Amino acid sequence: MAFQLYDTASRQIRALDPVVPGRVSIYHCGLTVQGPPHIGHIRKEVVFDVLRRWLERSGLEVSIVANVTDIDDKILAKGVEQGRPWFAVAYENERALHAAYEVLGCVPPTYEPRATGVVPEMIEMIQTLIERGHAYAAGDGSGDVYFDVRSWPAYGELSGQKVDDMLNAEDAPPEGKRDGRDFALWKGHKAGDPESASWPTPWGRGRPGWHLECSAMAAKYLGPEFDIHGGGLDLRFPHHENELAQSRAAGQPFARVWMHNAMLNLAGAKMSKSVGNTLMVSEVVKRVRPIDLRYYLAASHYRSIVEFSEESLAEAATAFGRIEGFVRRAAELCGAGELGEVVDGFATAMDDDLSVPAALAHLQSVVRAGQAALPDGDSAHLRRALADVRAMLDVLGLDPLSPTWDRGGDDAAYAQVIDSLVEGLLEQRQAARATKDFATADRVRDQLTAAGIDIEDTPQGARWSVKTDLLGS
């Protein structure tokens, strides 16, 4: 079965047909860095990380460009509010984005351009659009340049709207526009704006409009035609609609497939900074293990809305804990070994519009079969189950034995110390049980339990683990 993906533009699931056979080029809209990322933002990063991992597992060469919008009205406003240069605000939050990538095990993009790095390409694109009759400089002397939506008959094709039914674009005042729905390609420098936030152009100093930035970056780093353009569903209109129109009007085929992930909501409302209901990644991982948070964000189908709650997050951590428990117990018995193969059902599900929930069902069936083999100790069946489970978890970025999660450094040093202490107490407990000194054995067990250690007696001896509710603290 060839890999298939739901295309927002055609509103149907289509087989992926790469521009260059054997290679897949992907552009997805990164963060506008006026603030650090919340878990709603990072869901998109996890979705596209899983997509990349699966395509690479399928033998394809993948190039991913994810931009950073580092110049924007909101960033300038944050600079004023905080009394800092706008670019310092942008850079601080860009670093927070990278930290979120890393803590959740996302492979960095092939390239991550900043909007401020492609201003010459944006100016060239505006000139092309003016020459083709699809853009115009405002007649009010503002220095603004607008895309003429009525000059492009296909405008609205991505979102399925008609121009006459649309509201006016809110990215600039209507005075200089021929039509209120025209959107800004370039914004003229205004009194009070930092001089550093403007560039010289034939229309005067100014800065780029949001939509133009992505078209220029995608074309520069992936070419005039590429395979997949993606982002959150909230970007479909107006951002992606405008990108599509201006790029096609400039003569570029642009994206073959449009992929949009659904939102992560909080109490039925879309997460956003403006309503103050955000959950910053940096804060969530203080109370939840990052690997559990990644499982939570990856486990739902990417086109399904996720209604966030602490209860659902805890349930996800418990579900992943069962999978991880098998992996670690099996690895203790027969060693970590090498990654195996994904089972056919898992592959079929992933090829069918990246259906992670269905893929997880097949993974869990292998886990159950492997658990049944645990009492027998090291065996070919257990080794195969472990290898295959790890291969499928690797596709999802969730293999607990990978270097991503099994990190060295201080954490490893502390873990070694704790391991020695717990093993020593367990030896004391076993010695007490051997002499039928059950009072001492129970006292040792109670000490470990109070410290947050779960004890499980097995035919191979006592096993221990840290209680799930302590792992993220």
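Bear in mind the structure is a predicted one, so any value in this text is a computation, not a measurement. Start at 1 with the first residue, then count along the sequence.
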Can you tell me how far the [atom1] atom of [X] sits from the [atom2] atom of [Y], to the nearest 0.5 Å?
{"X": "Leu185", "Y": "Tyr146", "atom1": "CG", "atom2": "OH", "result": "10.0 Å"}
{"X": "Arg207", "Y": "Thr116", "atom1": "CZ", "atom2": "OG1", "result": "13.0 Å"}
{"X": "Glu341", "Y": "Asp388", "atom1": "CD", "atom2": "CG", "result": "7.0 Å"}
{"X": "Ile323", "Y": "Leu396", "atom1": "CD1", "atom2": "CG", "result": "8.5 Å"}
{"X": "Ile39", "Y": "Ser282", "atom1": "CD1", "atom2": "OG", "result": "11.5 Å"}
{"X": "Tyr6", "Y": "Arg14", "atom1": "OH", "atom2": "CZ", "result": "11.5 Å"}

Any heavy-atom pair between the side chains of [Y] and [X] that's under 4.5 Å?
{"X": "Glu45", "Y": "Leu104", "result": "no"}
{"X": "Met392", "Y": "Val342", "result": "yes"}
{"X": "Val356", "Y": "Ser300", "result": "no"}
{"X": "Trp203", "Y": "Ile130", "result": "yes"}
{"X": "Trp405", "Y": "Pro290", "result": "yes"}
{"X": "Met217", "Y": "Lys220", "result": "no"}
{"X": "Cys106", "Y": "Val46", "result": "yes"}
{"X": "His189", "Y": "Trp199", "result": "no"}

Is there a donor-acceptor contact under 3.5 Å from the side chain of [X] to the main chain of [Y]?
{"X": "Arg383", "Y": "Ala336", "result": "no"}
{"X": "His41", "Y": "His38", "result": "yes"}
{"X": "Asp227", "Y": "Ile26", "result": "no"}
{"X": "Glu241", "Y": "Ser159", "result": "yes"}
{"X": "Asn265", "Y": "Glu307", "result": "no"}
{"X": "Arg236", "Y": "Thr8", "result": "no"}
{"X": "Asp7", "Y": "Gln12", "result": "no"}
{"X": "Arg329", "Y": "Val327", "result": "no"}
{"X": "Lys78", "Y": "Gln34", "result": "no"}
{"X": "Ser198", "Y": "Pro194", "result": "no"}

task: Starting from the C-alpha separation in whole Å, work towards a yes-or-no answer on side chain to side chain contact (heavy atoms under 4.5 Å, CB included) for Phe147 and Arg181.
output: CA-CA 9 Å; Phe147 183 86; Arg181 284 153 286 210; over 6 Å; no

Can you tell whether the side chains of Arg53 and Glu56 come within less than 4.0 Å, N to carboxylate O? no

[X] atom [atom1]: more than 12 heavy-atom contacts under 6.0 Å:
{"X": "Arg84", "atom1": "CZ", "result": "yes"}
{"X": "Tyr91", "atom1": "OH", "result": "no"}
{"X": "Gln161", "atom1": "CD", "result": "yes"}
{"X": "Arg384", "atom1": "CZ", "result": "no"}
{"X": "Glu338", "atom1": "CD", "result": "no"}
{"X": "Arg150", "atom1": "CZ", "result": "yes"}
{"X": "Asp165", "atom1": "CG", "result": "yes"}
{"X": "Glu170", "atom1": "CD", "result": "no"}

- What pairs of residues pass the salt bridge (charged side-chain N to carboxylate O under 4.0 Å, His left out) test when at least one of them lies in residues 25-42, not counting sequence neighbours?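 For residues 25-42, and leaving out neighbouring residues, there are no salt bridge (charged side-chain N to carboxylate O under 4.0 Å, His left out) pairs at all.
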
Ignoring hydrogens, what is the shortest heavy-atom contact between [X] and [Y]? Give both atom names and the distance.
{"X": "Ser151", "Y": "Asp148", "result": "OG-O, 2.6 Å"}
{"X": "Pro400", "Y": "Leu393", "result": "CD-CD1, 3.9 Å"}
{"X": "Arg57", "Y": "Ala391", "result": "NH2-CB, 3.9 Å"}
{"X": "Leu398", "Y": "Phe320", "result": "O-CZ, 3.5 Å"}
{"X": "Asn261", "Y": "Met263", "result": "O-CE, 3.6 Å"}
{"X": "Gly143", "Y": "Trp186", "result": "O-CD1, 3.7 Å"}

- Query: With a 3.5 Å cut-off and no angle check, do the side chains of Ser215 and Ser247 form a donor-acceptor pair?
  - Reply: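 The answer is yes; a qualifying pair exists.
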
Mind checking whether [X] and [Y] have parallel, tilted or perpendicular rings, split at 30° and 60°?
{"X": "His240", "Y": "His260", "value": "tilted"}
{"X": "Phe254", "Y": "Phe226", "value": "perpendicular"}
{"X": "Trp258", "Y": "His229", "value": "parallel"}
{"X": "His239", "Y": "His211", "value": "tilted"}

Under the side chain to side chain contact (heavy atoms under 4.5 Å, CB included) criterion, do Trp54 and Asp351 qualify, and how do the steps go? CA-CA 9 Å; Trp54 176 241; Asp351 276 339; 3.0 Å; yes

Working note: Phe3 + Leu60, criterion side chain to side chain contact (heavy atoms under 4.5 Å, CB included); need CA distance, chi angles, decisive distance, verdict.
CA-CA 11 Å; Phe3 180 72; Leu60 295 164; 5.9 Å; no

Derivation of the salt bridge (charged side-chain N to carboxylate O under 4.0 Å, His left out) call for Lys286 and Glu283
CA-CA 5 Å; Lys286 291 178 181 177; Glu283 293 301 315; 3.1 Å; yes

Of Asp171, Asp144, Asp73, the one forming a side chain to side chain donor-acceptor pair (under 3.5 Å) with Lys187 is Asp73

Criterion salt bridge (charged side-chain N to carboxylate O under 4.0 Å, His left out) on Glu324 and Arg289, from CA distance to verdict: CA-CA 13 Å; Glu324 181 182 13; Arg289 289 195 312 162; 2.6 Å; yes

message: side chain to side chain contact (heavy atoms under 4.5 Å, CB included), that's the test. Do Tyr155 and Leu244 meet it? Break it down for me.
response: CA-CA 8 Å; Tyr155 187 72; Leu244 176 61; over 6 Å; no

